[in-house]
Structure formats: structure tokens, C-alpha cells
Amino acid sequence: MNKTEKGRVSRRRLLNWVALLSTAVALPARAWAAVTRPDTAFDATALDQALMALGETPTRHEGVIFTTPDIAENGAVVPIRVEVDQTVLPNVSKVYVLVEMNPNPLAAVFDIASGTEVYIETRVKVAQTGNLYAVVESDGQLFMASRETKVTLGGCGG
Amino acid sequence: MITRWCLLWLAFPAWADEGVFDQYRDLMGDDNPAIFVIDEGEEFWYQSQGPSGATLEACDLGLGAGVTRGAYAQFPRYFADTDRVMDIETRLIHCMETLQGRDRTVTAAKPYSLRGDFGTELEALVTWLAAESEGVVIAPEQGHPKERAMYALGEEIFFYRAGPHDFSCATCHEQSDKRIRLQQLPNLTDHHDAADAYGSWPAYRMSQGLVRTMGWRLQDCFRQQRWPGLTFGSEVSIALQTYMAVNAAGGIMTAPGLKR
Amino acid sequence: MKTTLWKMTLLLGIGIAPTAVSEDLAAVIQASFSDRGQATLLRLEQDPLQQHCSQPRDQPVDDEIAMALRQQRLDAVVFPADGDFLGDWQRGATVAASGRGLQFNDDPSIANGGNCYACHQLAPSEVAYGTLGPSLTQYGLRGQSDAMLRYTWTKLWDTHAFNLCSHMPRFGAQKILDEQQLKDVMAFLLDPNSSVNQPTE
Amino acid sequence: MAGRIKIRAQKKGEMTEVKALMRHPMETGMRKDQAGESIPAHFITDVAVLHGDQPVMQAHWGAAVSANPFLGVRFQGGQAGDAVRVVWTDNQGGTGEGETTIR
């Protein structure tokens, strides 16, 4: 493929994308009509406050499998994974991710369609060394797992 | 005491060697947000801009007008039309001026993103062009006397100590298997280290959410060396890139990389 | 590497004489930088020590010059006026952990850090330490004899008095840290209660 | 610049694994720019993954999700060739959408 052709492909791709977007703008609103954003929990500035806003205090449960690095090269990007062992913890419909030391501990909430595996990977900001929590809702009850991640300081500038 | 040491070793086996972030990197996978910047760069290349309303398609990056594949891997190089050795960043600014009629005091005024920015045109172009050299052997031109003089100058600067901390490039980059805090430091006087390091820029810096170029990396090194501000496209900048590229010659371009 | 490449270049007869480059070097460097914040072009002018230490590791300074330089650095060390070498180890720990100061984007009104962890292992509880310098964990085992106090102070003030062309900054001589900060770092290294001197666990 | 998404959807046994990278600065509103001015909050608030027209995962995000967010999810079913879409909206009214087919 020579360069000129490649350029055309690229521009065509851009046009396609614009067309797609215009048909999709209405989609998100429809998609989460059923799910309201837990604003109080997102606005909470301390972990216990955020947990309180989600309802009862979560119970630790081995069915919540939470993977985070023991030590993170960079607090701006900390990869996390939440899985649920459905043989011991069935009917999980929500997953919350909280970062204890952040100004607003609640980072994200995921609503899972029923009858599917619970498996979520994302990357979050972690302000400083502390605990990360994965809280899941199963049949209206909250269960959790927590992990400590150490955030290290960078190179020459400290 | 011995038992204690063994326990420590079992508990934190990775902390003593360079595998300290292996678990972190495994979790990160290979999803590098630089792919967006590659696309943006390609679009900039084919976008008509400036008073001439031209694209950059006629830009000669050393392999002939419009040839982008493999061009990055041969920079810095001498260009007869300007009678100077140029890195890819200054060459792009030159093409914007000559082909598109854009004023270099504008195009070179802010080559790199500042805090809060989300990428510049130059960063995007360089990222795409580096991707156009992915898998290509690093082979900077050294045939012209000015190219060889640039290497010699780069080597002198590499060891030049100055500033309140007496730092030179060599302070951090002339020994193998060292780190600053937990960050591995490449020995840029060593071929293998130089090839790995040079070949992985430009790179997405996770701490900044941005792709950074080799030119930016040098400017930021000098900030940390407590030196004054390195001028974009200056002799020192091009000389050090030449020094690194020649030491890396024979290595493979892997950019854009994914870095802390 | 440098020597080999130069030999190759000279052999092929295509090089530019190294002296020509050196003469131009200062001018080229000056022309490539501009004042930014507190970091002005004055910082690029080398003092004799920097000049002699701008060589690759495998090209040591001539013995006679080295002896003279070392003596000169040793003679210039300023010991604490009150004869008290040890400050507060906890404040010293803060100085050791901070890497800020003297960069063009640093606020000059805020105290500089020593950035010791960039290069040295110190308190065993801090895992993010560099390896450019030797580990200083358990440094306090060396005791607090007068000789030890003066030796450690001199290393911090101007490492070149003992170890010419070391990569370590001259924290006292270059006024990176003030006298009180140096005393605090001394205590961080030598105080038996300091986190540096706790058992590794 | 916003709006772009890169998606891969792959059959893994009974499950379909979706991986998406989104182009977004995810500003918290607490950072300052070089001139010391506050950078306004700008982050994705809502994300959905759709298999055909059916949402399999919907999320609300805060600004603590990293810049240029990555999202990996798995859902039951899905056949090679089915459409998978990821859509988002942000706190400034921006939207993004990406589509791929299951491999």
C-alpha cells in the first residue's frame, strides 16, 4: 500500500467514525435509564462515608477475587481486576471499586447484566500507599475484598 | 538471623532485582494508549494546513519525498537542503515551514505538551513516524563529516558536569544495572542498553497520560540535572540524540513504548 | 567505549580533532540553553573540579592534579560552628526523602531536599531506593567517634575530598543543604534510634 | 480529540472477552496547569458495553479512573461476527463510541 492510499483510508475511517457517533449519541441515555448514579457515594471524602452511602458495611468474602499489584510503579495508573467465584457467591449484580487514600474514595461502580460472569479490569489513580477495596452486591448484600498497594516515588525529581 | 533473612526473601523476592514491577506490568498487559496518538499523527500528516494549504506528504525525511516507512530509524541525519544535521522533530518543523508555509516561531513555540495538555501536533507526528519504523533496525547516518562531528559533540556533552549538583548525563547513564529510586537506568554507553532505551522512544508516559518524544526526554533530563532550559532543536539536543542513536545502531525500533 | 571509538575515528582519518570540539564545547552548550527560573546560564560554567571530572570512568584524572584537588576540597570543608554534628533524625529522614529543589520548576523559597533515596538504600522500611550509591542501611553501627563524625560530615559537605570525581553532589560546598539540614541528615545516618539503624524485618 | 475507542472482542470458550481503550484526559479538577490555573474536571461519567443492542455492563465512573481509560469485561454468549459496542458520556457532555465484531 503506498502512502497516498493509506492517507485516503485514514480519512475514510474518520468519516465512518463521525457517522457512527451521530447515530450513537442517544444510546448511553437509553442504556442506563435503569441505573442511577450513586452521587452521595461518589462525593464522599472518606472511605467509611463512601461505604455508608452504599448501604450496610460490607462483609469480607473469599468469593471476591481482587487482584492489584503489591507495588505500583505509578500511582496515576494502577491496574486492577475484580472477579467473583460464583460457586460461593452467586447473583452478583454490582461491583464497586474504592481507593482508601483518594480525595473521593469511590472510583467506579459497574452494573453487571444478570447471568454473566463477573470479570472487570480497569486502571485507577491511587494517590498514595493504602488499601484498595472491591465491594460487590449479591442479592442485596454487600461483600468485599481489600488489598494494599504501595505507590512508589519516581525518579530524579522525587 | 538466617531464618529471618530467608523469610524476608520469600516474602519479597522481587524487590531485590529488576523484576520489582513485573507483577504490575503483567497486570497492565500490552494495551498502550499510544495507539490513539499514532492515528492522530497519521491524520496530521495527510491534513492540508498553513498558507499553502499543503499536506506533509512531500516532506523528505531522508529517504525521499513522502517516504515514511523506516525513516525514523535513520535519524538524526544530515540534510543538504539545510546544510545541517537534524533530528526528526526539527525536520518536521522544517517541512511545515517549506511545504505548508507555516511560521516556525509558531510551530516550534510549543513542541511538547505542558501539564494539562492532551498532546501536540508534533508529538503525534513523531509517534506515528516512529510506529512507521517499528521493527526496523536503528541505523543513523554517519557518512557525512557533520554527522560524525555531531556524534563527537554528543559524547563530549554526555560527560560534561555542571550545575549545583555537578550532574552530567553520565551521572545516571554510564553504568549498567543501576536504578534511581526503583527506576531502571539504561547505560547509554553500552550498545544493548542504548538500543533498548533509544528504540523505545517516543513512549506513552503513564504518569502524564501523554506520549513523550526523545526531544522531550532530553529536556526533562536537563531539568532534573538542575541545568537551565534546553532549547528545542539546539545543537546539544541533536548531538545527544546522535550519540544515543549511534550507540544504539543495530538495535530494533520498538516505539512507541509504555513507561512509568 | 569512548577511547575505542576515538581510536577508530583517528584510524580512519575522518574525525574532527577532539581539541577542536572541546574548545567549542562551552560555547555550543551556552548557545543550546536559556535561563529558566532559578536555573540560569551561569550554571553551565564549570569550576575546576567539574572540568577535571568530565571524563568517562575509565579515564581517571592525572595523579598530581587529583591529589591537589582532593586537598583543596578537604581544606574548604566547613564544620559546624558549635561543634555539634547531630541534629534531629526525623527531620533528616524528611530531607533524605525529598528530591525537590534547584530545578527550574522548583520554588526557591521552599527548602531543598537531599534526595538521598534516589541513589542509596537507607531505612530498610523504604523499598523505593536507588542503587547508584552504596547501601547505607545500618550506617549507625559505625559509631559516633569524633573521626566518624568528621568523616561523615565531610562526605556530605564535599565527597570529592575523599573520593574525587564521585557522582554524589557536594551538599554543603554547593549550598544544596544548609547546616541544620546537614546535621539532621547526620542524625538520620548515625542516631541509633533512626529508622536507618533499625533491624531489617 | 475525545471520542475515540479501540476495542477487541474475542471468544474465550463460553465467554466473550471485551477489551477497550478510550481516549480521554480524565481530569480530576484538582490539578493545576503550568501557569497555576486549575484544570477543570473532565472525566467519563458513564460507560456501557453492548452486545448487539443489549447492555452487558454499565458503569458509572469518577475522576479516579486513569487517563485514557482501559476497560476489560467478559460476558456470557456472543458468537463470532456479532457486533460489540462501547459507548461513553462525560461530565462536559462529550460522548464516544466504538464498535467491533467478535473474533
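Everything numeric in this text was worked out from a predicted model, so none of it was measured. Just so it is clear: chains get the letters A, B, ... in the order the sequence lines come, proteins before strands, and each one is counted from 1.
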Enquirer: Going by heavy atoms in the side chains, are N104(A) and M30(D) under 4.5 Å from each other?
Expert: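 When only atoms from C-beta onward are counted, M30(D) and N104(A) do touch, with a gap below 4.5 Å.
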Enquirer: Any chance you could measure R123(A), atom CZ, to L21(D), atom CG, to the nearest 0.5 Å?
Expert: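 It is 6.0 Å, given to the nearest 0.5 Å.
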Enquirer: Is there any salt bridge (Lys or Arg N to Asp or Glu O under 4.0 Å) pair reaching into residues 137-146 of chain A, and which pairs are they, with sequence neighbours excluded?
Expert: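 Every candidate salt bridge (Lys or Arg N to Asp or Glu O under 4.0 Å) pair involving residues 137-146 of chain A fails, so no pair, neighbours aside, qualifies.
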Enquirer: Pull out the residues in residues 56-67 of chain A that come under 4.5 Å of chain D, heavy atom to heavy atom, sorted by number.
Expert: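 Residues in range: none.
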Enquirer: Say whether, by atom type as modelled, one donor and one acceptor occur between the side chain of K19(D) and the main chain of E121(A) under 3.5 angstrom.
Expert: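 Checked: no pair found.
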Enquirer: Just jot down the side-chain contact (heavy atoms from CB on, under 4.5 Å) partners of N68(D), sequence neighbours excluded, or say none.
Expert: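 Only P33(B), F118(B), Y204(B), R23(D) meet the side-chain contact (heavy atoms from CB on, under 4.5 Å) criterion with N68(D).
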Enquirer: May I ask you to name which of A64(D), A67(D), S66(D) has the most heavy-atom pairs under 4.5 Å with chain A?
Expert: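 When all of A64(D), A67(D), S66(D) are compared, S66(D) has the most.
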Enquirer: Going by heavy atoms in the side chains, are E17(D) and Y119(A) under 4.5 Å from each other?
Expert: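 Heavy-atom side-chain distance check passes, below 4.5 Å.
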Enquirer: By a 4.5 Å heavy-atom criterion (distance strictly below it), what part of V109(A) contacts chain D: side chain, backbone, both, or neither?
Expert: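 Contact with chain D: backbone and side chain both.
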Enquirer: Does the side chain of H60(D) reach to within under 4.5 Å of the side chain of P38(A), using non-hydrogen atoms?
Expert: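 Yes, close enough: below the 4.5 Å cut-off.
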Enquirer: Non-hydrogen contacts under 4.5 angstrom with chain D: give the residues of residues 76-83 of chain A involved, or none if there are none.
Expert: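 Residues of residues 76-83 of chain A touching chain D at under 4.5 Å: A76(A), V77(A), V78(A).
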Enquirer: Would a 4.5 Å heavy-atom cut-off, applied to side chains only, mark K125(A) and T28(D) as touching?
Expert: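 Yes, side chains in contact.
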Enquirer: Can you check whether W61(D)'s main-chain N or O pairs, donor with acceptor, with R37(A)'s side chain at less than 3.5 Å?
Expert: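 Yes.
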Enquirer: Between V49(D) and F110(A), is there a side-chain heavy-atom distance shorter than 4.5 Å?
Expert: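 No; the side chains remain at least 4.5 Å from each other.
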